[in-house]
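In this text, all values refer to a predicted model and were calculated from it rather than measured experimentally. In what follows, chains are A, B, ... by sequence order, proteins preceding strands, each numbered from 1.
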Amino acid sequence: MNHDPYSWGRPTDSMYGQYNSQIANAPTSLEGNMASGANQHTTSPIVTGTSVVAIKYNNGVVMAADNLASYGSLLRFQGIERLHKVGKTTMVGISGDVSDMQYLLEILDELTIEHNYDNDEYSDNVDELQPDYIFTYLANLMYHRRTKMNPLWNALIVSGVNSKTGEPFLQYVNLLGVKYSSPSIATGFGAHLAIPLLRKLADSEEEAQKLTKEQAIQGIKDSMRVLFYRDTRSSKNYSLAVIDKDSGITYDNDVNVEDMSWKFAKDIRGYGTQKV
Amino acid sequence: MTSVGTGYDLSNSVFSPDGRNFQVEYAGKAVENGSTTVGLKFKDGVVFAVEKTITNKLLVPGRNRKIQTIDRHVGCCYSGLIPDGKHLVNRGREEASSFKKTYGKNIPLYALSERLSQYVQAYTLYNSVRPFGIAAIFGGVLKSENGGDNKPQLYMLEPNGSCFGYKGIASGKGRQTARSEIEKLISADDFDIETFSAKDAVKEAARIIYLAHEDNKDKDFELELSWCSLSETDGLHKFVPKEIYDEAVQYAKEETGLGEDEDSEDNDEDMDE
Amino acid sequence: MVAQYGKEPIQHQFNPYSDNGGTLLGIAGEDFAILASDTRQSVDYSINTRLSHKIKVITPDLSSEDKKNKLVGTNKSILFGTNGFSADGDALTEDFEENYKFYTSNQNKKIEPGFEFLNNGNEDKESSMTMQSAARNVQHILYGKRFFPYYVHTILAGLDEEGKGCVYSFDPVGSYEREQCRVGGAGASLIMPFLDNQVNFKNQYIPGTNSTERKKLEYLTLEECLKLVKDAFTSVTERHITVGDGLEIFIINKEGVRLEYHALKKD
């Protein structure tokens with residue numbers, strides 16, 4: 001193939017005006033940056049993961065996120081796990097840009113390795129990685145990057161149980177460095193669709209302490225169902241993590257939305273399999 | 001010490017007329033006088049054992065660890081100048097981390113050995129630096145799901161930068177006893193690496209350290225044991241848990257007849273309380 | 001229009017700020033000061049959490065007696081409140097805390113008898129930072145980011161060197177002033193005129209003087225102030241969507257710092 005755009009043929013000049021030869025000679029983004037000496041920063045996410053939802057209960061935290069990574073409206077990767085175990089009693093749920101998520105995972109892996117160098121589990125001075133250590137680290141990282149105007153385009157939920165005090169932990173931080181804790185937290189669409197359901201279960205720490213594990217799991221499952229109904233960038237297949245004070249982390253990366261009802265769809269043209 | 005006084009031993013990067021680098025050989029002397037360290041391969045992993053002579057009664061027993069972790073799946077111990085060893089381990093950690101960043105999997109032992117030996121070798125080339133005063137034994141096992149082959153690997157890296165793989169190896173003061181003991185062990189007729197388990201290896205490593213200590217009987221010592229095994233530690237490098245450690249020490253004492261009449265070991269444990 | 005190379009490119013800019021709502025209020029009395037804020041943190045129309053803490057009590061160590069009395073700070077404490085972009089608020093608070101720690105551990109340290117020379121003879125002063133010094137320090141932190149400001153309204157409350165209540169308030173780039181009272185954040189424009197009238201007696205005249213003689217300034221009692229604070233917050237909760245959920249009131253006087261919590265409407 002002839003790669004010279006000038007010989008490709010194009011509409012007559014009378015129609016579109018003279019061809020701007022700068023278009024063919026435009027530098028690639030890399031060359032452009034080298035020429036201008038400018039650094040390129042993320043200004044919008046590319047491949048994204050949608051909501052992460054989580055709620056505290058009397059003995060720990062339940063968290064879920066689907067396994068989908070979208071490229072705009074294209075459901076691009078269908079096996080991307082977005083809940084990750086860090087240390088022994090912490091799970092980090094990540095929504096937003098997937099490449100930034102994978103960068104964060106690299107960092108977290110290094111963090112745990114370096115932490116283990118001097119903390120062997122048989123000595124009596126072990127200092128295990130706690131959820132709040134990991135959260136503080138991530139929150140500082142996120143705020144630092146936003147301050148450099150080069151954010152990591154994510155919203156993170158850190159959940160877990162402090163292995164010393166047994167205290168459930170649940171906190172949020174996003175690309176701006178804004179952080180907060182609450183008995184239930186959700187990112188993205190989940191903040192609009194899941195939070196009302198979860199706050200009905202527990203609107204305060206006191207109420208969360210009365211919530212059982214089963215109730216919490218059911219609340220999260222219901223939330224994932226509603227999100228699948230209404231969030232176009234969500235998938236039926238999701239991961240569910242339970243971080244319990246006594247039984248530790250149980251993680252299932254292959255849960256599917258159940259008890260759906262699409263009854264309403266049967267008379268609506270465009271849903272399902274009607275003929276014309 | 002034929003070299004002394006000839007002037008060829010004063011600097012790195014200068015050969016003597018018969019082709020020797022004396023600075024590197026002197027580094028070897030530092031190793032020979034160092035504490036005994038043993039590395040031993042078994043069915044699905046490696047074990048490390050170190051003799052820590054008690055240089056000061058005020059040191060806290062069970063602390064001041066000598067065996068270190070390079071990556072989750074790699075352990076390392078060394079005889080010679082301890083700070084040199086720590087520096088090498090740091091370099092190993094950097095290499096392991098950079099490998100993982102670049103290739104997305106844990107560093108295989110052969111790659112690590114290659115990188116570390118190049119690093120150590122560079123310290124024999126310039127007159128502005130001194131060679132590493134250590135012989136480092138490192139190894140581990142990389143699970144197949146992490147890009148490895150489930151086969152344990154064990155290396156010893158010497159001050160001149162040469163690095164070889166071994167079935168079992170020892171360095172430091174008691175190396176001769178220890179090495180011949182390892183040879184005896186693995187060349188025995190009934191020895192089969194496929195049945196040589198992690199717990200067996202821990203016991204033998206402990207015994208060998210106790211045996212190698214015999215020439216140095218007047219000094220108290222503390223034994224340090226770590227392992228890296230598919231069956232016992234899921235391929236991670238960890239210190240040996242207390243029960244298995246105690247069992248190994250018991251076995252070593254019985255086999256060598258050491259430490260039974262004198263109760264200095266027990267005293268140390270009392271101090272712990 | 002078709003985008004053409006060589007013309008000005010369309011710039012997508014990352015916005016490093018967000019508005020997390022909420023209101024912060026400080027009043028100084030004769031021998032006490034109050035700093036209060038709601039506990040809602042929100043963004044756009046979403047409530048992030050109903051219990052966030054926008055005020056930090058920066059205090060010397062508490063005695064066991066203080067703890068028994070459920071105090072959360074000594075009378076040397078600085079009540080440090082921020083409102084606006086919460087990430088900057090948190091960062092500013094941490095920055096100041098660090099400065100506070102360095103300041104109090106280097107200056108006026110308590111020294112063992114016989115070693116006074118180590119401390120330029122300041123050994124009798126207790127380890128603390130005056131409100132005046134704290135305020136000036138906060139100005140430096142804020143102005144240090146003059147061209148990428150901390151997007152917050154900051155209020156400090158505490159007792160001055162004479163034991164009188166004091167409130168310092170700051171704009172995002174560090175302009176500051178000592179005041180009798182100040183409201184910051186979302187509800188500022190709703191509450192501030194109310195406080196002008198009720199605390200500084202603005203537009204209050206002595207009856208019968210035909211609006212010629214102003215009502216004389218006088219200190220309000222703690223009870224009167226607390227009533228104002230609670231009324232202010234319940235009212236602004238009605239009228240402003242980012243204010244509500246809960247109210248934290250910190251009160252500092254010669255006994256120390258005490259915290260009161262009151263629920264606000266959650267809608």
Side-chain angles (χ1 to χ4, degrees), chain A residues 16-17 19-27 29 32 36 40-45 136 139-140 142-153 155 170-193 195-196 199 202-208, chain C residues 1-22 39-54 82-95 98 144-145 147-152 244-246 261 263-267:
Chain A
Y16 288 107
Y19 177 70
N20 181 351
S21 62
Q22 280 186 299
I23 294 173
N25 297 321
S29 65
S36 67
Q40 203 157 53
H41 289 170
T42 308
T43 52
S44 63
T136 306
N140 282 329
M142 297 303 276
Y143 182 70
H144 178 73
R145 287 291 295 262
R146 89 94 217 187
T147 301
K148 288 202 300 187
M149 291 297 274
N150 186 197
L152 294 167
W153 216 282
L170 182 59
Q171 247 177 299
Y172 165 102
V173 63
N174 66 10
L175 70 164
L176 294 173
V178 170
K179 51 192 196 224
Y180 57 85
S181 72
S182 184
S184 58
I185 297 180
T187 70
F189 246 98
H192 299 105
L193 294 176
I195 285 297
R199 287 208 179 133
D203 201 17
S204 64
E205 288 295 328
E206 295 73 37
E207 284 170 32
Chain C
M1 203 198 104
V2 179
Q4 270 196 335
Y5 181 79
K7 295 269 166 62
E8 278 292 294
I10 303 162
Q11 290 266 330
H12 287 275
Q13 252 271 342
F14 163 62
N15 176 196
Y17 295 114
S18 69
D19 179 0
N20 300 111
T39 63
R40 175 176 293 181
Q41 193 210 83
S42 58
V43 68
D44 299 335
Y45 294 116
S46 297
I47 296 170
N48 288 340
T49 178
R50 300 196 192 280
L51 188 59
S52 70
H53 306 284
K54 298 191 251 264
T82 54
N83 198 277
F85 173 41
S86 77
D88 278 349
D90 293 345
L92 176 67
T93 308
E94 276 182 35
D95 273 7
E98 185 161 294
K145 274 173 69 70
F147 299 107
F148 187 14
Y150 285 124
Y151 227 77
V152 286
D245 291 333
Y261 175 87
L264 290 175
K265 280 168 79 170
K266 296 187 174 182
D267 57 2

Q: Given side chain to side chain contact (heavy atoms under 4.5 Å, CB included), test C/Val43 with A/Val178 step by step and report yes or no.
A: CA-CA 10 Å; C/Val43 68; A/Val178 170; over 6 Å; no
Q. Where does C/Phe85 contact chain A at under 4.5 Å (heavy atoms): side chain, backbone, both or neither?
A. side chain
(Q) Could you measure the distance from the OH atom of A/Tyr180 to the CG atom of C/Leu51? Nearest 0.5 Å is fine. (A) 13.5 Å
Q | C/Glu98 atom CD, neighbour heavy-atom count above 12 within 6.0 Å | A | no
(Q) Using only atom types and a distance under 3.5 Å, with no angle test, would you say the side chain of C/Thr49 pairs donor to acceptor with the backbone of A/Ser181? (A) yes
Q) What part of C/Ser46 gets closer than 4.5 Å to chain A, counting heavy atoms only: side chain, backbone, both or neither? A) side chain
Q. Just wondering, are more than 12 heavy atoms of other shown residues or ligands nearer than 6.0 Å to OH in C/Tyr261?
A. yes
Q | Under 4.5 Å from a heavy atom of chain C, the part of A/Ser204 involved | A | neither
Q: Please round to the nearest 0.5 Å and tell me the distance separating atom NZ of C/Lys266 and atom CZ of A/Arg199.
A: 9.5 Å
Q) Backbone N or O of A/Lys179 within a donor-acceptor pair of the C/Gln41 side chain at under 3.5 Å? A) yes
Q: Side chain from CB out, backbone as N, CA, C, O: work out which of these in C/Asp90 comes under 4.5 Å of a heavy atom of chain A, or both, or neither.
A: side chain
(Q) Could you go through A/Leu176 and C/Phe14, starting from their C-alpha distance and side-chain angles, then the distance that decides it, and tell me whether this counts as side chain to side chain contact (heavy atoms under 4.5 Å, CB included)? (A) CA-CA 10 Å; A/Leu176 294 173; C/Phe14 163 62; 3.8 Å; yes
Q: Name the member of A/Val173, A/Asn140, A/Asp203 that forms the most heavy-atom pairs with chain C at distances under 4.5 Å.
A: A/Asp203
Q) Mind checking whether C/Pro16 and A/Met149 have side chains closer than 4.5 Å, heavy atoms only? A) yes
Q. Any side-chain donor-acceptor pair under 3.5 Å between A/Tyr143 and C/Asp88?
A. yes
Q.
Counting C-beta onward and ignoring hydrogens, is there a side-chain heavy-atom pair between A/Thr147 and C/Lys145 closer than 4.5 Å?
A. yes
